[in-house]
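Computation of the quantities below employed the complete heavy-atom set of this structure, encompassing side-chain atoms and omitting hydrogens, waters and symmetry-equivalent molecules. From a predicted model like this one, the values you see are computed outputs, not experimental measurements.
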Amino acid sequence: MKKLLTGAVLTLLSAAPLQSASVLDPYLGNPGDCYARKYDEAHLRDHPRQMVETFYLSHHGDWQDPVGELTLKFGFSTRNGRDYEGVAICNDSRCGVEGDGGAFTLKSSNDGVRLDVDAQLGLWAESAVDVIDLSETDDTVFLLYPESRKACQ
């Protein structure tokens, strides 16, 4: 009986779907993990088509989509003072933005992560009053660095 019970438990455990580890886990795999950047005046002056002043990317601490390896939150503010937010579901280093909002890829870069906006799909995000597609601006690559949880709220 004990062997039968052990066999049944092992069978159930092997049939249970496990969320696989993501290549992004070392960077964004835990609640509180946060990468961000605030662009200074000199950078913005040198990139006049860049709309984004600040950008953050974090582990989505409230919800993880069971279909993806990792669910992230992102947000940014633009020169016109508007704040935009989105949710991305990642598999490997590719992340699709919820609601057909485009896509981006992530990879490690020196002491941070590099976010590349998908050239064909763009990166869409919503504010309280409008929607923006970053592929129509100079905002297609972001170098983000570890920050406190507060920078991603």
Is any side-chain heavy atom of Leu134 less than 4.5 Å from a side-chain heavy atom of Phe76? yes

Taking atom [atom1] of [X] and atom [atom2] of [Y], what is their separation to the nearest 0.5 Å?
X: Leu123; Y: Cys95; atom1: CG; atom2: SG; answer: 10.5 Å
X: Ser135; Y: Gln120; atom1: OG; atom2: CD; answer: 11.0 Å
X: Glu69; Y: Cys90; atom1: CD; atom2: SG; answer: 8.5 Å
X: Ser93; Y: Arg114; atom1: OG; atom2: CZ; answer: 12.0 Å
X: Leu106; Y: Phe142; atom1: CG; atom2: CZ; answer: 12.0 Å
X: Asp46; Y: Glu41; atom1: CG; atom2: CD; answer: 11.0 Å

Any idea which heavy atoms bring [X] and [Y] closest together, and the distance?
X: Arg79; Y: His47; answer: NH2-O, 3.0 Å
X: Tyr56; Y: Cys152; answer: CE1-O, 3.4 Å
X: Pro146; Y: Asp111; answer: CD-O, 3.2 Å
X: Ser109; Y: Leu143; answer: OG-CD2, 3.9 Å
X: Trp124; Y: Asp100; answer: CD1-O, 4.5 Å
X: Tyr145; Y: Arg37; answer: CE1-CD, 4.2 Å

Look at the side-chain heavy atoms of Ile, Leu, Val, Met, Phe, Trp and Tyr, link any pair under 4.5 Å apart, and say whether [X] and [Y] land in one connected group.
X: Leu44; Y: Val117; result: yes
X: Leu121; Y: Met51; result: no
X: Phe104; Y: Ile89; result: no

If only atom types and distance count, is the side chain of [X] paired as donor or acceptor with the main-chain N or O of [Y] below 3.5 Å?
X: Asp33; Y: Ser58; result: no
X: Gln64; Y: Thr71; result: yes
X: Asp116; Y: Thr105; result: no
X: Glu85; Y: Gly75; result: no

In terms of heavy-atom contacts, does [atom1] of [X] have more than 12 from other residues, nucleotides or ligands at under 6.0 Å?
X: Gln153; atom1: CD; result: yes
X: Asn110; atom1: CG; result: no
X: Glu126; atom1: CD; result: no

Please determine which of Val97, Leu57, Val87 meets the side chain to side chain contact (heavy atoms under 4.5 Å, CB included) test together with Leu72. Leu57

Salt bridge check: are Arg94 and Asp118 linked by an N-O gap of less than 4.0 Å? yes

Hey, are Tyr84 and Asp130 close enough side-chain-wise for a donor-acceptor pair under 3.5 Å? yes

Aromatic rings Phe74 and Phe55: how do their planes relate, parallel, tilted or perpendicular, breaks at 30° and 60°? parallel

